[in-house]
Amino acid sequence: DSSPSAGQAEGHQPTVIICIGMAGSGKTTFMQRINSHIHTLKKPGYVVNLDPAVGQLPFGANIDIRDTVNYKEVMKQYNLGPNGGILTALNLFTTKFDQVLNLIDKRAPTLDYVLLDTPGQIEIFTWSASGAIITDTLAATYPTVVAYIIDTPRSTSPATFMSNMLYACSILYKTKLPFVLVFNKTDVVSHEFAVEWMTDFEAFQAALEEDTSYMGGLVSSMCLVLEEFYKGIRVAGVSAVTGAGMDELFTAFDEARKEYETEY
Ligand code: GDP
Ligand code: MG
């Protein structure tokens, strides 16, 4: 075995990382960044693109949904709009997911990471049967981690921050998988404010009180829910563009994998 880190231990298994996040949060750019990072670490990875509508991929995908389904043809054939086309394309692809698993299984002993990019619009993956089937199927076989990508510059208001956290929280409880909150675009805005809000309840309350546009009472009760959520997750700040924060990120992935191994 020429690979230094993989394939040696009995039953070696790669870590599966599923990238989820709002449209424009930087999932695809982030995938490219972690793919090139593991390349420089000489750790072999396997890349799966699940976004049928991506124009150009900045990385070479080992498996690409676009090779199987053309979402524009699906739109025409089923008389759907873009989101319906993308969702139906994902559904059609998922009916063949056993083939995808077979391909991953064959390579698994020599891989350290399997990376999955998901469609731009978050709900297409998180609120569809296909997204659940893909997630559950992978998690039943491999240590699987969710990387929830956040657009940090667009989350600096307490209200948007909280909406994004509540969405992340709902995905955590839906998937029940180890979770890494990835604050992306730290080259534009540092994620320090977010870490402060997540660790200092009063600091977040104070920020909220300044935001008179929001329903204070509801938000205060939501804060209690989020406090519980924050206890169970890991945080990393990165820039997918500059590559800052990769060491902290991969430490978080390692810890998330350990959580999978002890809890699942
Ligand atoms: P996706 O829809 O979640 O896949 O997001 P993309 O990866 O397509 O990125 C959306 C936009 O955000 C693009 O214009 C990217 O160049 C930009 N972007 C992604 N990551 C970063 C980052 O770390 N820093 C900055 N400044 N821009 C980023
Ligand atoms: Mg994308």
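When a ligand or atom number is given, it counts from 1 through the structure's own listing order. Predicted model only: the values in this text are computed from it and were never measured. We use all heavy atoms of the structure for the numbers below, so side chains are in, but hydrogens, waters and symmetry mates are not.
- Here the heavy atom of the protein found nearest to atom 18 (N) of ligand 1 is K185 CE, 3.6 Å.
- Distances below 4.0 Å separate heavy atoms of V188 from the following atoms of ligand 1: 26 (N).
- Ranking the protein heavy atoms by distance from atom 1 (P) of ligand 1 puts K27 N, 3.5 Å first.
- Y46 places no side-chain N or O within donor-acceptor distance of the main-chain N or O of I63, the cut-off being under 3.5 Å.
- Ring geometry for F179 versus Y148: interplanar angle under 30°, hence parallel rather than tilted (30 to 60°).
- Counting only heavy atoms, the protein never gets under 4.0 Å from atom 13 (C) of ligand 1.
- Ionic pairing of E73 and K76 is present here: one or more N-O contacts between side-chain nitrogen and carboxylate oxygen are shorter than 4.0 angstrom.
- The closest protein non-hydrogen atom to atom 20 (N) of ligand 1 is N184 ND2, 3.1 Å.
- Protein heavy atom closest to atom 23 (O) of ligand 1, with residue, atom name and distance, is A240 N, 2.8 Å.
- A distance of 9.5 Å separates OG1 of T118 from CD1 of I134, quoted to the nearest 0.5 Å.
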Intermediate values then yes/no, ring pair (Phe, Tyr, Trp, His ring centres under 6.0 Å), Y113 and F250: CA-CA 11 Å; Y113 294 98; F250 276 80; 5.5 Å; yes
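- In summary, E227 and K231 do not engage in a salt bridge, as defined by a charged side-chain N under 4.0 Å from a carboxylate O.
- No side-chain N or O of Y71 forms a donor-acceptor pair with one of D51 less than 3.5 Å apart.
- Nearest heavy atoms, G45 versus I38: CA-CD1, 3.7 Å.
- For ligand 1 and D187, the ligand atoms under 4.0 Å from any heavy atom of the residue are 22 (C), 23 (O), 24 (N), 25 (C), 26 (N).
- For atom 6 (P) of ligand 1, a protein heavy-atom neighbour is present inside the 4.0 Å cut-off.
- With hydrogens left out, the protein atom closest to atom 15 (C) of ligand 1 is T29 OG1, 3.8 Å, a heavy atom.
- Between the Mg ion (ligand 2) and T28 there is an N/O/S contact shorter than 2.8 Å.
- Within the 4.0 Å heavy-atom criterion, both parts of T28, backbone and side chain, lie near ligand 1.
- In terms of polar-atom proximity, V238 is not counted as a contact of ligand 1, lacking any N or O under 3.5 Å from an N or O of the ligand.
- Counting only non-hydrogen atoms, the option in G245, G21, P58, G24 that gets closest to atom 10 (C) of ligand 1 is G24.
- Between the side chain of R66 and the main chain of V54, a donor-acceptor pair closer than 3.5 Å is present.
- The shortest N/O to N/O separation between G26 and ligand 1 falls below 3.5 Å.
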